[in-house]
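The sequence lines fix the lettering, A, B, ..., with proteins before strands; numbering per chain opens at 1. These values consider heavy atoms only, across backbone and side chains, with no hydrogens, waters or symmetry-generated copies.
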There are 2 protein chains.
Amino acid sequence: MNVTGHTRRPASIRDVATAVGVSYQTVSRVINGHPSVKQSTRERVLAAIDELGFRRNATALALASGRSRAVTVLTANTTHYGYASILQGVEEAARAASYAVGIGVLESAEEAAVAAEVRRAADAGGGLIVIAYDPAGVGALAAVPAELPVVGVVETPATPPGGDRPWVWTDDREAAHAVTRHLLSLGHETVHYVAIPSSTRRTSARTTGWRQALQEAGAPEPRPLQGNWGPAGGHRAGRRLAQDPSVTAILCGNDDLALGVLRALHENGRSVPGDVSVAGFDDAPHSAYLTPSLTTARLDFTGLGRAAFALLHGVLEQSAPIAPHGVSVPELVVRESSGPPPARV
Amino acid sequence: MNVTGHTRRPASIRDVATAVGVSYQTVSRVINGHPSVKQSTRERVLAAIDELGFRRNATALALASGRSRAVTVLTANTTHYGYASILQGVEEAARAASYAVGIGVLESAEEAAVAAEVRRAADAGGGLIVIAYDPAGVGALAAVPAELPVVGVVETPATPPGGDRPWVWTDDREAAHAVTRHLLSLGHETVHYVAIPSSTRRTSARTTGWRQALQEAGAPEPRPLQGNWGPAGGHRAGRRLAQDPSVTAILCGNDDLALGVLRALHENGRSVPGDVSVAGFDDAPHSAYLTPSLTTARLDFTGLGRAAFALLHGVLEQSAPIAPHGVSVPELVVRESSGPPPARV
DNA sequence: GACATGAATGTGACCGGTCACACAAGGCGT
DNA sequence: ACGCCTTGTGTGACCGGTCACATTCATGTC
């Protein structure tokens, strides 16, 4: 009912207080649900809040209380399917808990740049979620000062790394293992691997799972090819593999790589799955619609993001139950791109 | 040189001030580059800042000054290529200007939900960038109170809509026009269109560009098919079009739809580009690696995001030059999926 | 009837900055 | 020698909340 029309700066608790004729503290008590406020007072305050369109100022709240109800997601990229889905999952869970979500992109993996980005994120206040699938992310996670609440989204840790900090992950090792087993079970002598860049110096979880499956089957263990994250890297690797007639099955570190590999095989006249079987990782939205459609391991990135937030939420508010960060089980999705090897000549 | 080891709460300007033996205001002047500080004093203050690891508290700054150096991006989705790229562009430009970036996802287009999300974003302080390519985004843009600084990323406006607010856009109409012309120039009698959902009731800019090109060529104007955003919608539409032998060229509202269309054509035994030409929109990263690779109109989403930020930055700080929001010119990328129509029977 | 107890409310300081203003010292014109 | 402007610095209030404590009044208890 603001008759004057021009709503100047938003109402503060003191505005509400004077409107009702109580002290600002009483208003504070009402908005915080403090019990010892007389019912009639509470109602008048609530009415005034409604009337004046009062909204609690998040900035002031953060400054005064120290708690900021915010998370910042630090990531090397926002466009890749996996990264974007994790972000979406975090946002979803954060929204449900009325937390604000910030993002920071790690454009370079260079140490100083990463450190600067971590500082910026820290300045925003609140907690941190670091996607540490790549060197930049791993560096960022390492650069987070100990006193800052942080959750890392990491590859399957060989041994729970650090041990003193919370992480979430999908069981990439198991997923790679399952896909490799699937290919071997079709009769392939061995499975070649085009790797995504490892997040650390050590071999990635996906590589480990693949290697394990080969060893268990007593299959020869070809040297993994290094791809990068995008289809271009897959294409390069695929061109190499297409030259080698002994290659009948290729596992790719993600669906984008697989796309590049498919293309390279096609360009070199090798049919999929007739001559070569190809499998990917992630089950990106387009993978089901490729020709041939792509066999892949589906990973629940959105769920991973939600789990990361839940964990962080637990750290930030001791009250919030520390949800078990349910390592979601990857699901093998068999499609057209995998089949039995060609009959021996 | 904090010998005690445990760094308690971060240093404030008063800590720095007492360390140097000046008033907090002097410290404030130094960090704000105020000219009237004696050189020697400035140096001592800077040394202390360095020594104590002082960083200016963003929350306090926002509260005291009213300016928050933050933008929130409101979007219906973070995983689609276009949306994600815009976000990446915004983040890039924001980082360069040391602004923080927040995101809010519009999960539903329902009015109350959208309004709630807008309020949440407003609470975060700072400016707003709304991606209004879909009903949820358009609703959000409309729900932003007039006093809030906001930039909309919109489809090509038929007439500069509203007129009183800043927008950025790509020339979708021109892009659709160019791709359609390309297909017609190959000899196709007409071009069918699988549309993305329009952001408003009115027909989208892409539809308009397509229609214009047909009219200019005197080509028959088939009814556009309604897809949605993903490949599944394209697949449905493609199945319908595959039945009709007169269809020889299909323009799709984005690359994901085109992927679904390609798949549907393949399933129905129609070859691309032998029987049917297909073109998309956006030039997503995987489009070049499809088989056949996809003819498409490349749009500079990252640049669009940067432009959106630049515009908002100009609104927030009168000092910042209002960069011309350079309507980037879409680029026709001709690949394998388009070719001449099959010879008449 | 005096006193401890608890419910309901108010007061002042504080979070970490900024802003508007006051004030001291030095240089310069007259 | 006086006023005045410029340079360098300090003081107090304020942004909009929270927190710790003080205060008032109505009860129940002995």
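Taking side-chain N and O atoms only, B:Ser28 has a distance below 4.0 Å to OP1 or OP2 of C:dT18. Distances shown here put every side-chain N or O of B:Ser36 at or beyond 4.0 Å from the OP1 or OP2 atom of D:dT6.
The nearest whole Å value for the distance from the CD atom in B:Glu43 to the C1' atom in D:dG8 is 15 Å. Atom CG of A:Asn32 is separated from atom P of D:dG17 by 11 Å (rounded to the nearest Å). A:Arg42 places its CZ atom 11 Å from the C1' atom of C:dA8, with the value rounded to the nearest Å. A:Arg67 has its CZ atom 8 Å from the C1' atom of D:dT18, to the nearest Å.
B:Arg69 and B:Glu317 are joined by a salt bridge, as a carboxylate oxygen and a charged side-chain nitrogen come within less than 4.0 angstrom of each other.
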Exercise for review: With side-chain contact (heavy atoms from CB on, under 4.5 Å) as the test, would you mind laying out the steps for B:Thr72 and B:Glu117 before giving the verdict?
Suggested key: CA-CA 11 Å; B:Thr72 302; B:Glu117 204 41 36; over 6 Å; no
**Study point:** side-chain contact (heavy atoms from CB on, under 4.5 Å) evaluation trace for B:Thr75 with B:Ile86
**Key:** CA-CA 10 Å; B:Thr75 172; B:Ile86 292 173; over 6 Å; no
**Study point:** A:Thr170 and A:Asp300: CA distance, side-chain angles, deciding distance, side-chain contact (heavy atoms from CB on, under 4.5 Å) verdict
**Key:** CA-CA 8 Å; A:Thr170 52; A:Asp300 180 14; 5.9 Å; no
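B:Glu92 and B:Gln88 share no donor-acceptor pair across their side chains, judged by distance under 3.5 Å alone.
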Nucleotide N/O to protein N/O under 3.5 Å, stretch nucleotides 10-16 of chain C:
from, atom 1, to, atom 2, distance (Å)
C:dG10, OP2, A:Ser23, N, 2.7
C:dG10, OP2, A:Ser23, OG, 3.1
C:dG10, OP2, A:Thr26, OG1, 2.7
C:dG10, O6, A:Arg29, NH2, 2.6
C:dT11, O4, A:Gln25, NE2, 3.2
C:dG12, N7, A:Tyr24, OH, 2.7
C:dG12, O6, A:Tyr24, OH, 3.0

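The aromatic rings of B:Trp229 and B:His80 lie tilted to each other, with the angle between the two planes from 30° to 60°.
For B:Ser98 (side chain) and B:Arg95 (main-chain N/O), no donor-acceptor pair under 3.5 Å exists by modelled atom type.
Each of B:Val150, B:Val151, B:Val168 was compared with B:Leu312 under the side chain to side chain contact (heavy atoms under 4.5 Å, CB included) criterion, and only B:Val151 meets it.
Summary for the helix from C:dG1-D:dC30 to C:dT30-D:dA1: the axes at its two ends, each from 5 pairs, differ by 50° when rounded to the nearest 10 degrees.
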